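Quick caveat, the model's predicted, so the values are computed rather than measured. Quick note on labels: first sequence line is chain A, next is B, and so on, each numbered from 1.
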Amino acid sequence: MNAPKNAAPKTAISPTRAENYAEWYQQIVRGADMAELSGVRGCMIIKPNGYGIWELMQRDLDRRFKETGHENCYFPLFIPLSYFQKEADHVEGFAKEMAVVTHHRLKAKDGVLVPDGELEEPLIVRPTSETVIGVAMAKWIKSYRDLPCLVNQWANVVRWEMRPRLLLRTAEFLWQEGHTAHETMEDAMAEAKRMHEIYRQFVEEVMAIPVVMGEKPAHERFPGAVNSFSIEAMMLDGRALQAGTSHYLGQNFSKALNIQFQSREGNLENVHTTSWGVSTRLLGALVMTHGDDNGLRVPPRIAPWHVVIVPVLRNDSDKDAVLAYCESLRNELNAQIFAGAPVRAKVDMREISGPDKKWDWVKKGAPLILEIGPRDVEGGKVCIMRRNALEKGKSFALRAEFVSGVADELASIQKDMFDQALAFQKARTVADIKDRKAFDAYFAAENAFESGPGFVRAKWSGDPKSVETLEALGVTVRCIPLDQDGKEGTCVLTGAPATMDAIFARAY
RNA sequence: CGGGGAGUAGCGCAGCCUGGUAGCGCAUCUGCUUUGGGAGCAGAGGGUCGCAAGUUCGAAUCUUGUCUCCCCGACCA
């Protein structure tokens, strides 16, 4: 046996989370082969391992949307400026991060191509589609019989962010945006809350990321919204990440865009609308919730491959038998059902060394990695590594037992990953800070992997002016959690009487 | 957009101050050896030094401009 002279690094990802959290994040996205920079300012390339996860997320979410009565549509990428400026708050909120199309052709001038053919009306590249969908709804909706109108689109959007971060905040990203119109405020509010809950279920049950459900304070609302609901997740450095939002838009957009219907009583009324969305930002949340110093860990329900089989080939005489064993094992695994779908098992046939294959899948986060060599074939066994318990090393099982138990095993990994993330979130949420002095002391530290602040749950008066005093700390009100204790207390920021609980944190 | 840092081979970097025509480690390819685990030895391929202009006999190196990325901030449904 040849022991490597250069000792292998202790971790597959360098630097570790504790050494340099921001750099670790970059390295893990690359090491797991999820996404990379594109050379186009702020825009990313989503690679197969990242896109494969996104496709599974889409599939699951899309099913949930359809089960609740929504239908998919597609609306234009370009929005006429005149549409966009109809809702004042909406303009205010997005104006500073807009990509604008002003020309429709190129001409050669001094050997270089320059824009030519100026448009009479500039087009903006959609940052979100309330206006263009609202204009369509105004045509579609005439009567209360046309309501509710429930549409969703899977699309890309562009927001010219000042400081892009791979997956978390890119100039272009993929998302879904649901847009609905209803007869009454009650119906629309119920819809906004229904989708809020669907996001919670999806993110917690499928992505194994625990979240806090809450409502955004007024100053954090979506431009044009009456109420904004969000799910807030805690990243491994204690920062918050808004993982999904659902908005009750009232009649703001229906009045601006004339979305009117004749009511049951015969009156002409404006509809009440909602919008809700999640994006590829969730892939960033996945990294910063489940990543470790060896790479990504993907919860089984969205893992492109549940089980990766790495053949260990010593010499040509073993090769055929080992490969035949691997392939039949894969077929047996594919016949098993996990979470309502066939187990996704793959034999890694690439012509690279066994250890390299193993570490590649460790970094990509496959939940179960099997190494199969001649001895396993002989003994009818499998050698198992669990990605979420790498430190426990390998274990061996009889092939038949492993196959029949694989669905349970995946379910158990799914649960363990959620439980672990929930324990982290709870351990780093404090609820016993009662005054400003203790609050400032808590947030005096920087956010880091194993130290620094997380979420503070405390009473807040709701006074917008109190928030301005948080700017120096870089802290924001993340949400007003739905579960309120209703007890009287004093505002942690100002000392004024307050009954409302709020979550305070630094955020991405 | 403000402050700081950086762009040299796929990745990580040295060279720049003191201009002379590009180097190291890993990765890749080939051969031999090894084989229950991120192997060893030998050899090879790969870069108009982010881009543009200027100074110069000569620029990775000096000057100016420009683009991009990273970190901190501002901004961020």
Side-chain angles (χ1 to χ4, degrees), chain A residues 1-12 14-15 20-23 25-27 30-31 36-44 87 89-90 92-97 112 126-130 157 159-166 168-171 173 175 177 216 219-225 227-230 241-247 249 275-279 281 294 310-319 322 351-363 369 371-379 381 383 385 393-394 396 446-447 471-474 476 506-508:
Chain A
M1 185 169 100
N2 290 323
K5 281 183 181 164
N6 302 326
K10 287 192 174 66
T11 58
S14 177
N20 184 342
Y21 187 83
E23 180 63 20
Y25 175 78
Q26 304 280 130
Q27 290 303 323
R30 193 208 317 219
E36 65 186 33
L37 299 168
S38 63
V40 182
R41 199 206 107 95
C43 297
M44 63 181 164
E87 214 293 330
D89 289 339
H90 201 54
E92 177 86 8
F94 282 106
K96 282 184 281 186
E97 50 183 52
V112 292
R126 63 179 165 223
T128 181
S129 304
E130 275 75 10
V157 286
R159 298 178 186 182
W160 215 257
E161 299 286 358
M162 285 298 156
R163 191 177 157 196
R165 293 177 74 103
L166 200 51
L168 289 177
R169 193 188 305 109
T170 45
F173 56 92
W175 77 344
E177 48 181 324
K216 286 286 181 187
H219 64 281
E220 298 272 359
R221 275 182 205 134
F222 175 74
N227 302 90
S228 284
F229 303 97
S230 77
L241 183 82
Q242 180 173 301
T245 48
S246 180
H247 313 287
L249 303 172
S275 68
W276 29 274
V278 296
S279 73
R281 165 180 260 201
N294 288 308
V310 176
V312 178
L313 303 170
R314 273 192 307 183
N315 53 52
D316 285 346
S317 64
D318 296 329
K319 194 175 170 184
V322 170
E351 288 192 30
I352 57 177
S353 81
D356 284 346
K357 281 186 200 178
K358 180 190 84 174
W359 283 103
D360 186 54
W361 290 108
V362 166
K363 284 188 278 192
I369 302 168
E371 292 179 310
I372 302 295
R375 264 190 244 158
D376 307 301
V377 174
E378 204 175 312
K381 291 188 172 178
C383 170
M385 273 191 310
K394 307 164 190 197
F396 293 85
E446 294 294 313
N447 282 78
E471 281 175 12
L473 289 174
T476 50
R506 294 203 180 98
Y508 278 98

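- Here A:F173 lies in heavy-atom contact (under 4.0 Å) with a base.
- Base pairing of B:rC32 is made with B:rG40, judged by Watson-Crick or G-U wobble geometry with both donor-acceptor distances under 3.5 Å.
- Among the heavy atoms of the strands lying under 4.0 Å from A:P374 is at least one base atom, whether or not backbone atoms are also near.
- Closest approach to the A:E97 side chain among B:rC76, B:rC71, B:rC72 is made by B:rC76 (side chain taken as heavy atoms from C-beta onward).
- Nearest heavy atoms, A:K216 versus A:E220: CD-CB, 3.8 Å.
- Contact annotation for A:G42: backbone-only contact, meaning every heavy-atom pair under 4.0 Å involves sugar-phosphate atoms and none involves a base.
- Pair assignment for B:rC1: B:rG73, on the basis of Watson-Crick or G-U wobble contacts that are both within less than 3.5 Å.
- Nucleotide B:rU66 has B:rG50 as its partner under the Watson-Crick or G-U criteria, with both atom distances under 3.5 Å.
- Of the candidates B:rG73, B:rG36, B:rG38, B:rG73 carries the atom nearest the A:R163 side chain, counting heavy atoms from C-beta on.
- Atom NZ of A:K358 is separated from atom P of B:rU35 by 19 Å (rounded to the nearest Å).
- Spacing between B:rG15 and B:rA6 at atom P, rounded to whole Å, works out to 12 Å.
- Nucleotides B:rC70 and B:rG12 place their P atoms 13 Å apart, quoted to the nearest Å.
- Across all their heavy atoms, A:V278 and A:W175 have their closest contact at O-CB, 3.1 Å.
- Taking each heavy atom of A:M385 and A:K394 in turn, the nearest pair found is CG-CG, 3.7 Å.
- Under the Watson-Crick or G-U wobble criterion, with both distances below 3.5 Å, B:rG45 has no partner in any strand shown.
- A donor atom on one side chain and an acceptor atom on the other are found under 3.5 Å apart for A:E130 and A:S275.
- In this structure, A:W160 atom CH2 and B:rU68 atom P are separated by 9 Å, rounded to whole Å.
- The nucleotide B:rC16 finds no pairing partner, because no Watson-Crick or G-U wobble arrangement with both distances shorter than 3.5 Å includes it.
- Atom CD of A:Q26 is separated from atom C1' of B:rC69 by 9 Å (rounded to the nearest Å).
- Listed for the A:R30 side chain is no donor-acceptor partner under 3.5 Å among the backbone atoms of A:E36.
- Across all strands shown, B:rA22 forms no Watson-Crick or G-U wobble pair with both distances under 3.5 Å.
- Listed candidates were B:rG36, B:rC70, B:rC76. Nearest to the side chain of A:L37 is B:rC70.
- Nucleic acid contact class of A:E471 (heavy atoms, under 4.0 Å, all strands): sugar-phosphate only.
- For B:rA60, there is no paired base (Watson-Crick or G-U wobble, both distances below 3.5 Å).
- For the pair A:T170 and A:C43, the minimum side-chain heavy-atom distance is 4.5 Å or more.
- Base contact: A:G373 has a heavy atom under 4.0 Å from a base atom.
- Considering all non-hydrogen atoms of both residues, A:L166 and A:Y25 come closest at O-OH, 2.7 Å.
- Counting only heavy atoms from C-beta on, A:P355 has its side chain closest to B:rG38 among B:rG38, B:rC70, B:rG36.
- Nucleic acid contact class of A:E23 (heavy atoms, under 4.0 Å, all strands): none.
- Taking atom C1' in both B:rA59 and B:rA42, the straight-line distance is 37 Å, to the nearest Å.
- In this entry the distance linking CZ of A:R169 with P of B:rA74 reads 11 Å, nearest Å.
- With both ends at atom P, the span from B:rG45 to B:rG3 equals 47 Å, rounded to whole Å.
- Going from the P atom of B:rC11 to that of B:rG47 covers 14 Å, rounded to whole Å.
- Between A:V157 and A:P127 there is no side-chain heavy-atom pair separated by less than 4.5 Å.
- Between A:R375 and A:P223, the one whose closest nucleotide on RNA chain B sits nearer the 5' end is A:R375.
- Rounded to whole Å, atom C1' of B:rA39 lies 16 Å from atom NZ of A:K357.
- The residue among A:K363 and A:T128 whose nearest nucleotide of RNA chain B lies closer to the 5′ end is A:K363.
- For the C1' atom pair drawn from B:rG19 and B:rA60, the interatomic distance equals 10 Å after rounding to whole Å.
- Rounded to whole Å, atom P of B:rC71 lies 10 Å from atom CG of A:L168.
- Nucleic acid contact for A:K394: base, since at least one base atom lies under 4.0 Å from a heavy atom of the residue.
- Between the CD atom of A:E36 and the P atom of B:rC70 there is a distance of 13 Å, given to the nearest Å.
- Between the P atom of B:rG2 and the NZ atom of A:K96 lies a distance of 15 Å, rounded to the nearest Å.
- The side chain of A:R30 contributes an N or O atom lying less than 4.0 Å from OP1 or OP2 of B:rG12.
- Across B:rA22 and B:rC49, the matching P atoms stand 11 Å from one another, rounded to whole Å.
- Nucleotides B:rA27 and B:rC62 place their P atoms 33 Å apart, quoted to the nearest Å.
- Both distances falling under 3.5 Å, in either a Watson-Crick or a G-U wobble arrangement, occur for no nucleotide opposite B:rA27.
- Here the side chain of A:A12 is nearest to one of B:rG36, B:rC71, B:rG38, namely B:rG38.
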